[in-house]
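Report on one structure; see the data block that follows.
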Amino acid sequence: MATAILEGLNLQQQEAVEHIEGPLLIVAGPGSGKTRVITRRIAYLVKVCGVSPRRILAVTFTNKAAREMQERLFGKSEKDPGAPLLDWGMRRDLIVSTFHAFCASVLRREGEPLGLTRDFTIYDGEDQLSVVRQAMEEAELDPKQYAPRAILDTISGAKAQLIDAEGYRRLVQSHWEEIVQQVYHRYQDRLAGNQAVDFDDLLMKACLLFRDHPDVLERYQDRYLHTLIDEFQDTNLAQYELARQLAGRHRNLCVVGDPDQSIYSWRHADIRNILSFQRDFPDAKRVTLAENYRSTQVILDAAQHIIAANKERLEKSLFTRRDEGRPIVVHEAYNQDEEAQWVLQEVDRLRKEEKASLKDVAVMYRVNAQSRALEEGCLRYGVPYKLVGALRFYQRREIKDVIAYLRLLVNPQDDVSLLRVLNVPPRGIGTKTQDELVRQARDLGIPLMEALGRVSKGAQEAAFPSAGRAAMTRFYELMTALSRASQEQDLPSLIDQVVERSGYRRHILEEGKEGEERWDNVMEFRASAQEFGDLEPREALTAFLERVALVSDQDNLDETKEGITLTTLHQAKGLEFPVVFMVGMEERLLPHSRSFDDPAEMEEERRLCYVGMTRAKDRLYLVRAFRRNVMGGNQTGVPSRFLQDIPPHLILRPPPAKASAEALWDWSAAPRKEPSPKSALSVGDHVRHAKFGEGIVVNCVPSGSDHEVTVAFKGGGVKRLLLSYAPLEPVE
DNA sequence: GCCGTGTTATTTTTT
DNA sequence: ATAACACGGC
């Protein structure tokens, strides 16, 4: 049994799997088989050491990572032929969860001493911001003078350090902290009044609960004989403390991470946790996984040269047994459009000449704004693409609106959700009326929903005009009726009732074409609620809301879909592709300009670059544009300093002019090609096609004695046509 | 109370 | 360029 589980692992990996007594730090370089080690370790614990699965806790950062781990352990379904490590039946005993989901479940069960009911609501960033605004208004702070966003960031940072409002008050030392302090306690009061917690509270409150209620902690400590934390370099202090607390009894804490891939310090992740771990667990064993199974020698070598320039790091040198591989291609394009064009031409070449699949290709960039030129390029050339999580489904307005209705049914104290939908669709409850309602609720110290109830029952009639009062009564009655429905209807029908009886459906469909899209989203949302069908209505609703709050990216990995992947460097973490293009390799973009005045941030940019490069298995392209549109203006760019750090012998630099396929690999020897026959059309020309109508020439390449022109038609279609055959005529 | 115009800011965003 | 957001006029 033991041999099967250890099969195919290298010595260090085996060491990491077999060291089960006491703390363990696994430093896992990119592509070093980290997930493999974690899953095998769990299997080893269960099958060899006889540990009950319910006494193991595995924590990841993303739901995706958690799901992946589960699939590797148990297979995708009960009948999955891919040899699973553990029996399907153990699936629900073993906890593989994110920190946040784990904390949420702890707080739902144990939150009473903190004043939390089981039905508390989890606020996302948008909700948080709106509470900050309310708190600022109460504190009479001008949102123009103090950015709510910045205040929220500071509060969030404090929570990540386990500093609650009271603790913060004692620490105030600067003008800014004084301001934040004024908002912080009001912010927390409001959350408490709304029976809500934010993401940071999930961690902080769970941690404080354990600290102040040792009896509760003890129950969990006893249970978890083994604790595993993945992506340890991205933990913040609260998460580290939680891990320490949970593993406090048995001390079998295994953490896995790579300081070189820490790219979330701006989300308050703290690499120092790795150092603290070694301090707090001086007997910890440390295993370094240095063999890389992913990338070619050249790619790994280049990446190492990039990261080596960082001062703050745990030195480790990776190696691969793979061949040298192809040189890294560095290319300069004229501007971002030609950058995209060059990438796509190269993709096309790879597909034709090397039978590469589009699924093998990823294009990575620093900021989301860069995706635009790439998307447009893909549309022009008809290249299918997958855009990773640019606009998150659950954050779309229409989805959040429906969620707000649903939340209110579970937690009527949720004022943020109430204010969100009180006048959506417009039902004649304007700001004037709302303000008055808010004022009354505050004076009485009651939730808005309760205040609405009083109004509808005829109290305080003097303060409201009768139209407003009638509208509020209607709303209150609507919510009462929906609340009744939520007890007995299944989720999809409940959602139907919500959008129908509130008038929301009609409201968004009135907005024309865009509204139809929105409506489609709502219907997709409704469909996603169907899988909770086997639960009681009420349970289904709470379970659904929990998932909606804690899972943001469930659908955006359709690995089966054909197309190239467009993603930010941050989102690329944990992924791998045979072919990687990193675009925007320019100063101010890849080391981002905001990192220029802080050496620590600059090191993070370097790590980001390292993460991107090490995603590549076989081929890596580093591309930059000479000119780029930045916020309306147009600027010239300087090559990224990171490019200079790659030894020249690893790089192939095609000529700056458009490289043809042949010239790409042997350009110095290639004879200059004859100038191609002049085309009657060139890029940008307006043309008319007998069948497709008007369009613009977006590309024109010689093809034999003919020209192949690509035309984007106004009707939306993009067609490739042979000039001599296609009935095209120029239009002025 | 609603709508339109002006103003502002715009890195990354696992939860 | 763009889009969210606030303010002021109708």
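Throughout, protein chains are lettered first and strands after them, A, B, ... in sequence-line order, and every chain is numbered starting at 1.
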Next item on the list: Calculate the interatomic distance between A:Lys64 atom NZ and B:dT13 atom P; express it in whole Å.
Entry: 13 Å
Margin query: Can you measure A:Arg588 atom CZ to B:dT12 atom P for me and round it to whole angstrom units?
Written below: 16 Å
Checklist line | Residue A:Trp266, side-chain heavy atoms: nucleotide from B:dT13, B:dT11, B:dT15 that is nearest | finding: B:dT13
Notebook entry, point to check: Side-chain donor-acceptor pair under 3.5 Å between A:Asn194 and A:Tyr123, yes or no?
Noted result: yes
Next item on the list: Look at all strands and tell whether A:Asn423 reaches a base, only sugar-phosphate, or nothing, counting heavy atoms closer than 4.0 Å.
Entry: sugar-phosphate
Next item on the list: For A:Ile229 and B:dT15, give me the distance from atom CD1 to atom P, rounded to whole Å.
Entry: 16 Å
Checklist line | Under-4.0 Å side-chain N/O to phosphate OP1/OP2 contact, A:Thr568 with B:dT13 | finding: yes
Note to self: Can you give me the first and the last nucleotide of DNA chain C (5' to 3') that has an atom within less than 4.0 angstrom of a non-hydrogen atom in chain A?
What the structure shows: C:dA1 to C:dA6
Check: Among B:dT12, B:dT13, B:dT15, which nucleotide sits nearest the side chain of A:Gln571?
Finding: B:dT13
Item checked: Member of A:Arg607, A:Lys573, A:Arg313 meeting the salt bridge (Lys or Arg N to Asp or Glu O under 4.0 Å) criterion with A:Asp260 -> A:Arg313
Check: B:dT13 P sits how many Å from A:Asn63 CG, rounded?
Finding: 16 Å
Note to self: Regarding B:dT11, can its base be found pairing with the side chain of A:Arg594 as donor and acceptor, where the two atoms are less than 3.5 Å apart?
What the structure shows: no
Item checked: Whole-Å gap separating C1' (B:dT10) and CD (A:Gln635) -> 13 Å
Notebook entry, point to check: Cation over ring, A:Arg427 on A:Phe475, under 6.0 Å and within 45°?
Noted result: no
Notebook entry, point to check: Out of B:dG1, B:dT15, B:dT13, which has the shortest distance to the side chain of A:Phe199?
Noted result: B:dT15
Next item on the list: Let me know, please, whether A:Glu604 or A:Gln434 comes out on the 5' side of the other along DNA chain B by nearest nucleotide.
Entry: A:Gln434
Notebook entry, point to check: A:Phe99 near the nucleic acid: base, sugar-phosphate alone, or nothing, with a heavy-atom cut-off under 4.0 Å?
Noted result: nothing
Notebook entry, point to check: Contact class for A:Thr60 vs. all strands (heavy atom < 4.0 Å): base, sugar-phosphate, or nothing?
Noted result: nothing
Checklist line | Carboxylate-amine/guanidinium proximity below 4.0 Å for A:Arg294 and A:Glu576 | finding: yes
Item checked: Spacing between A:Leu569 atom CG and B:dT12 atom P, to the nearest angstrom -> 11 Å
Item checked: Spacing between A:Tyr264 atom OH and B:dT11 atom P, to the nearest angstrom -> 16 Å
Check: Just checking A:Pro426: base, sugar-phosphate only, or nothing, at a heavy-atom cut-off of under 4.0 Å?
Finding: sugar-phosphate
Check: Under the criterion side-chain contact (heavy atoms from CB on, under 4.5 Å), which of A:Asp198, A:Val197, A:Asp127 is the partner of A:Leu191?
Finding: A:Asp198
Notebook entry, point to check: Contact class for A:Arg149 vs. all strands (heavy atom < 4.0 Å): base, sugar-phosphate, or nothing?
Noted result: nothing
Check: How close or far is atom P of B:dT8 from atom CD of A:Gln145, stated in whole angstroms?
Finding: 15 Å
Note to self: Would you compute the distance between atom CD of A:Glu241 and atom CG of A:Asn236 and round it to the nearest 0.5 angstrom?
What the structure shows: 10.5 Å
Margin query: Please identify which of these residues, A:Arg366, A:Glu587, A:Glu604, meets the side-chain contact (heavy atoms from CB on, under 4.5 Å) condition with A:His592.
Written below: A:Arg366
Checklist line | Phosphate-side-chain proximity, A:Thr433 and B:dG1, N/O vs OP1/OP2 below 4.0 Å | finding: yes
Check: Within the structure, does a side-chain N or O atom of A:Asn368 lie under 4.0 Å from either OP1 or OP2 of B:dT11?
Finding: no
Next item on the list: Assess whether one donor atom and one acceptor atom, taken from the side chain of A:Arg267 and the base of B:dT12, lie less than 3.5 Å apart.
Entry: no
Check: Base, sugar-phosphate, or nothing for A:Arg133, non-hydrogen atoms under 4.0 angstrom?
Finding: sugar-phosphate
Which side-chain N or O atoms in residues 596-603 of chain A pair as donor and acceptor under 3.5 Å with protein atoms at least two apart or in another chain?
unit_1: A:Asp598; atom_1: OD1; unit_2: A:Ala600; atom_2: N; d: 2.8
unit_1: A:Glu603; atom_1: OE1; unit_2: A:Glu312; atom_2: N; d: 3.3
unit_1: A:Glu603; atom_1: OE2; unit_2: A:Lys311; atom_2: N; d: 2.7

Checklist line | Pi stacking test for A:His592 and B:dT11: under 5.5 Å apart, planes under 30° | finding: yes
Check: Between A:Phe525 and A:Phe544, does the ring centre distance come in under 6.0 Å?
Finding: yes
